[in-house]
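Data block below; observations after.
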2 protein chains.
Amino acid sequence: MTDSKRAGKRERLAGAAVRVLHEQGVEKTTLADIARAADVPVGNVYYYFKTKDQLVEAAIDAHARELESLVATLERLPAPQERLKALLRGWVEQRDLTARHGCPTGSLASELDKRGDGLDRAVAGVMARLLDWVAGQFAAMGRDDARELAVALLAAYQGAALLTNTFRDPALMETEGRRLERWIDTLA
Amino acid sequence: MTDSKRAGKRERLAGAAVRVLHEQGVEKTTLADIARAADVPVGNVYYYFKTKDQLVEAAIDAHARELESLVATLERLPAPQERLKALLRGWVEQRDLTARHGCPTGSLASELDKRGDGLDRAVAGVMARLLDWVAGQFAAMGRDDARELAVALLAAYQGAALLTNTFRDPALMETEGRRLERWIDTLA
DNA sequence: GTCTATAAATCGATAGAC
DNA sequence: GTCTATCGATTTATAGAC
């Protein structure tokens with residue numbers, strides 16, 4: 001089989017893993033679940049990934065690329081406060097999915113921390129890059145407490161996502177999103 | 001064996017479960033892990049709990065009682081804003097444990113959501129009672145947006161706990177705790 | 001390269017001796 | 001009531017046919 005086809009199957013597995021791991025969690029998800037979602041025979045998974053951990057790592061990488069692509073579209077907006085508010089609105093738009101399964105990045109970080117392997121460091125890297133970008137926006141707004149504000153914004157979202165998921169209440173994310181937009185306006 | 005002794009062993013198992021489930025997560029924790037921590041033979045666990053789920057539920061109840069006892073001590077403080085700030089300081093004091101394993105309630109809520117069983121509703125109840133109490137404090141401060149403020153405070157803490165855990169950085173919780181104390185002062 | 005069959009390990013749960 | 005031994009189901013991972 002050609003390299004392009006092999007890459008396609010690898011990516012299909014990684015992409016399906018992102019979705020299924022978000023829905024079911026890492027521990028509850030079997031390789032059979034991911035293989036089925038990717039329409040690949042179970043035993044064949046091991047040709048592309050030596051262990052389950054390597055497949056999870058590929059899913060983290062795929063998720064990181066999705067996040068980078070989102071940030072890239074935000075970069076097109078001229079003002080940093082508009083970029084941050086657009087990020088917020090994107091999170092609010094995902095409220096139904098968040099109510100069902102939580103924030104993909106946050107629940108992954110929480111779950112991978114409990115595993116002995118080093119996969120939690122990979123998610124921490126994804127989270128760190130997002131935090132850096134948010135801090136960069138606050139810095140562009142002339143704030144010298146940019147990092148602290150970035151932590152506050154990201155924490156507010158992560159916590160809101162957790163409560164939205166816990167109470168299965170998408171409206172909670174809407175209310176919190178509006179409040180955070182007003183907060184950003186006061187900082188400009 | 002007497003009822004009191006039996007109750008003692010049941011409680012020892014539930015108490016050990018609270019600790020071990022926080023450290024290792026629900027899925028990674030085996031009944032053997034909990035039995036060892038409680039100094040009870042593995043097979044004997046099933047005399048006290050018919051299934052693993054029932055043991056997890058007992059752990060949630062035990063955790064709920066710990067939280068209620070904490071809230072009861074806060075009730076002794078005269079002013080509602082002092083009660084909230086004391087709650088915050090308690091969270092900050094737990095920062096090292098949080099950096100290692102996250103917030104016990106939050107990580108439990110996140111993990112149990114991914115399981116098919118109904119245990120996530122039990123944690124949601126614990127979280128709801130805490131949220132109600134916080135909202136009650138804001139209401140006593142004369143705020144008619146008490147519920148929204150309570151969601152904001154609890155979400156800020158849950159998000160800060162998640163980031164503290166993800167980055168393994170207790171200082172993050174300290175900084176965020178100070179910021180939230182200042183925020184409460186502006187609302188009084 | 002692809003897939004089936006199965007080994008190997010883990011863990012929840014039960015049977016039954018004491 | 002307490003504990004050991006073990007079953008049965010699930011899941012990761014591998015061997016090997018095609």
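A, B, ... follow the sequence lines: proteins, then strands. Residue 1 opens every chain.
Of the possible polar contacts, none joining the B:D169 side chain to the B:T164 backbone as a donor-acceptor pair under 3.5 Å is found.
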Q) Tell me, for nucleotides 13-18 of chain D in 5' to 3' order, what letter each nucleotide earns: B for a base near a protein heavy atom under 4.0 Å, S for only sugar-phosphate near one, - for neither? A) BB----
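When the P atom of D:dT12 is taken as reference, atom OH of A:Y48 falls 19 Å away, rounded to whole Å. Per the geometry, CD1 belonging to A:I34 stands 12 Å off C1' belonging to D:dT11, to the nearest Å. Atom-to-atom, OH of B:Y47 to C1' of C:dA15 comes out at 16 Å; the value is rounded to the nearest Å. Separating the CD atom of B:Q24 from the P atom of C:dT10 is a distance of 15 Å, rounded to the nearest angstrom. Remark: P of D:dG1 and CZ of B:R12 are 15 Å apart, rounded to the nearest angstrom. Atoms CZ (B:R10) and C1' (D:dT2) sit 17 Å apart, rounded to a whole Å. Whole-Å rounding puts the A:N44 CG to D:dT12 C1' distance at 16 Å.
One finds a salt bridge joining A:R115 and A:E27 here, because a Lys/Arg side-chain nitrogen approaches an Asp/Glu carboxylate oxygen to under 4.0 Å. With respect to B:D33 and B:R36, a salt bridge is recorded, a charged nitrogen being found less than 4.0 Å from a carboxylate O. Ion pairing of A:E68 with A:R129 is present here, as a side-chain N (NZ or NE/NH1/NH2) and a carboxylate O approach within less than 4.0 Å. Classification of B:R179 and B:E176 as a salt-bridged pair holds, one side-chain N sitting under 4.0 Å from a carboxylate O.
Which of C:dG1, C:dT4, D:dT2 sits closest to the side chain of A:P41 comes down to C:dT4. If you check D:dC3, C:dG12, D:dT11 against the side chain of B:K9, the one that comes closest is D:dC3.
Residues B:H101 and B:S107 have side chains that never bring a donor and an acceptor to within less than 3.5 angstrom of each other.
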